[in-house]
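The structure under discussion appears below in the form of structure tokens.
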Amino acid sequence: MSKKNISRCTIDATEKDTSLFVRIQNSNTTQARQFDIQVYKKNAPTELLPVTPNSNDGSNLEPGATKVYSIDTSNASGKLIFEIIQYSGGSGIKVSKSSNRKYSLDIRLK
């Protein structure tokens, strides 16, 4: 059975926000990382919000690469749950959250 790392955090989405941005970096310089992203309202966990580029079917991030994802929040406000699942290896996930930066979340896959 393969190792799987899961990290969740809350993001505040206001009515004026139509999208939030998440930057994901692969800090490993030798191995690619496979992961899924899911974003949903805190009070409705079965309704997934659209993420661009689509990452619900497994995204790959090459060694040392960085990718920016956009979350469509035009139909959502309040608390959102951001969940990232890293498959097959890696020593963890580091999540940094800030409202003062260009990205709502900054994630490093180790």
Side-chain angles (χ1 to χ4, degrees):
M1 186 173 206
S2 65
K3 183 178 176 184
K4 178 166 63 169
N5 295 317
I6 301 173
S7 183
R8 291 180 191 91
C9 66
T10 59
I11 306 172
D12 292 324
T14 62
E15 291 181 8
K16 66 179 181 175
D17 293 330
T18 57
S19 60
L20 298 172
F21 296 97
V22 176
R23 180 173 64 178
I24 300 179
Q25 300 173 314
N26 182 0
S27 62
N28 189 308
T29 57
T30 58
Q31 295 181 342
R33 297 291 184 222
Q34 183 181 8
F35 60 92
D36 288 337
I37 296 174
Q38 297 181 350
V39 183
Y40 49 89
K41 297 177 189 176
K42 189 172 186 177
N43 57 358
T46 57
E47 300 175 24
L48 296 178
L49 297 177
V51 178
T52 307
N54 188 6
S55 67
N56 293 337
D57 56 358
S59 290
N60 284 319
L61 202 56
E62 296 301 317
T66 299
K67 197 180 248 187
V68 176
Y69 290 85
S70 173
I71 303 165
D72 181 7
T73 59
S74 58
N75 296 325
S77 62
K79 299 280 185 185
L80 304 177
I81 305 295
F82 177 87
E83 177 179 276
I84 184 166
I85 305 165
Q86 178 184 353
Y87 296 103
S88 67
S91 60
I93 302 169
K94 178 185 176 190
V95 178
S96 301
K97 185 166 84 168
S98 175
S99 59
N100 298 330
R101 289 186 279 172
K102 181 179 177 179
Y103 306 108
S104 298
L105 292 175
D106 196 7
I107 298 174
R108 295 181 71 109
L109 302 175
K110 299 178 187 178

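Each residue takes its place number in the sequence, starting with 1.
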Can you name the closest pair of heavy atoms from [X] and [Y] and give their distance?
X: N28; Y: T30; result: OD1-N, 2.7 Å
X: P63; Y: A32; result: CG-N, 3.8 Å
X: Q86; Y: G92; result: OE1-O, 3.4 Å

Strictly distance-based, threshold 3.5 Å: is any side-chain N or O of [X] a donor or acceptor partner for the main-chain N or O of [Y]?
X: S27; Y: R108; answer: no
X: N26; Y: E62; answer: yes
X: R33; Y: K110; answer: yes

Heavy-atom check, side chain of [X] versus side chain of [Y], under 4.5 Å:
X: I84; Y: I24; result: yes
X: Y87; Y: D36; result: yes
X: Y69; Y: P53; result: yes
X: K94; Y: I107; result: no
X: I71; Y: V22; result: yes

[atom1] of [X] to [atom2] of [Y]: how many Å apart, nearest 0.5 Å?
X: T66; Y: L109; atom1: OG1; atom2: CG; answer: 10.0 Å
X: D106; Y: F21; atom1: CG; atom2: CZ; answer: 14.5 Å
X: T73; Y: D17; atom1: OG1; atom2: CG; answer: 5.5 Å

> Yes or no on side chain to side chain contact (heavy atoms under 4.5 Å, CB included) for K41 and L80, after CA distance, side-chain angles and deciding distance?
Replying inline: CA-CA 5 Å; K41 297 177 189 176; L80 304 177; 4.1 Å; yes
> Residues in salt bridge (charged side-chain N to carboxylate O under 4.0 Å, His left out) with D12, at least two apart?
Replying inline: K79
> In chain order, what residues pass the side-chain contact (heavy atoms from CB on, under 4.5 Å) check against E83, with sequence neighbours excluded?
Replying inline: I6, R8, Q38, Y40, I85
> Testing T10, L105, V51 for side-chain contact (heavy atoms from CB on, under 4.5 Å) with F82, which one passes?
Replying inline: L105
